[in-house]
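The structure under discussion appears below in the form of structure tokens.
It should be emphasised that the depicted structure is a prediction, and the values quoted were computed from it without experimental measurement.
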Amino acid sequence: MTSIPDPALAPGVALQATATGGSALLAALALLGLAVAAGLSLLIAYEALKGYRGTRDRAMLFLAVGIVLLTGGPIALRIALPTLTDVPESVRLLSTTISELLGLGCILYAIYGRP
């Protein structure tokens, strides 16, 4: 593993990124893929919210919330939890699974329920 130089000690040295368990390029591509997936899910949810605002059909609201919880929530949790906290892997897995299940529940309620 390559150490990142301290910019205060070496002001002319550019910072270098490192990755554990694989190449830095692969890690960057994975993060880019997650960002694109999150952006697309938010775009779809935004369109569903526009549909809700236009028709006041609550099924569209539950669809938007479900899409965000199914895709955007787990992506945010997979990035934020290990970055900002020291929670174990099991807590991260449980939180993303709960978000996905809640999202699927909202989508099913939008399709089959009477919101």
Side-chain angles (χ1 to χ4, degrees):
M1 186 164 115
T2 306
S3 64
I4 298 174
D6 185 3
L9 299 176
V13 177
L15 294 178
Q16 297 176 358
T18 62
T20 303
S23 71
L25 177 63
L26 185 60
L29 288 174
L31 284 175
L32 179 64
L34 287 173
V36 169
L40 288 175
S41 71
L42 291 176
L43 179 64
I44 293 168
Y46 173 73
E47 292 297 325
L49 279 176
K50 279 183 14 184
Y52 166 71
R53 290 179 65 192
T55 63
R56 295 294 181 206
D57 181 12
R58 289 188 50 178
M60 292 300 284
L61 178 63
F62 278 93
L63 181 63
V65 171
I67 289 170
V68 169
L69 287 173
L70 181 63
T71 56
I75 290 171
L77 289 170
R78 284 186 185 108
I79 293 172
L81 287 178
T83 303
L84 303 174
T85 67
D86 291 336
V87 297
E89 175 85 21
S90 59
V91 173
R92 287 185 277 170
L93 181 61
L94 181 64
S95 64
T96 56
T97 302
I98 288 171
S99 179
E100 291 169 344
L101 288 173
L102 289 172
L104 288 171
C106 286
I107 292 171
L108 285 174
Y109 187 68
I111 295 170
Y112 295 112
R114 298 202 180 258

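Atom CE of Met60 is separated from atom CZ of Arg53 by 13.0 Å, given to the nearest 0.5 angstrom. Distance SG/Cys106 to CD1/Ile111: 11.5 Å, rounded to 0.5 Å. Atom CD1 of Ile107 is separated from atom CG of Leu102 by 11.5 Å, given to the nearest 0.5 angstrom. Going from atom CG of Leu29 over to atom CG of Leu34 covers 11.0 Å, rounded to the nearest 0.5 Å. The CD1 atom of Ile44 sits 12.5 Å away from atom CG of Leu49, with the distance rounded to the nearest 0.5 Å.
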Without placing hydrogens or testing angles, list every side-chain donor-acceptor pair under 3.5 Å for residues 61-72, not counting sequence neighbours.
residue, atom, partner, partner atom, Å
Thr71, OG1, Ser41, OG, 3.1
Thr71, OG1, Ile67, O, 2.7

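By the side-chain hydrogen bond (donor to acceptor under 3.5 Å, both in side chains) test, Arg78 pairs with Glu100, sequence neighbours left out. Among residues two or more places apart in sequence or in another chain, the side chain to side chain contact (heavy atoms under 4.5 Å, CB included) test is passed with Val87 by Leu81, Thr85, Val91, Arg92.
Hydrophobic clustering of Ile, Leu, Val, Met, Phe, Trp and Tyr side chains at less than 4.5 Å, counting indirect connections, keeps Leu77 apart from Leu84.
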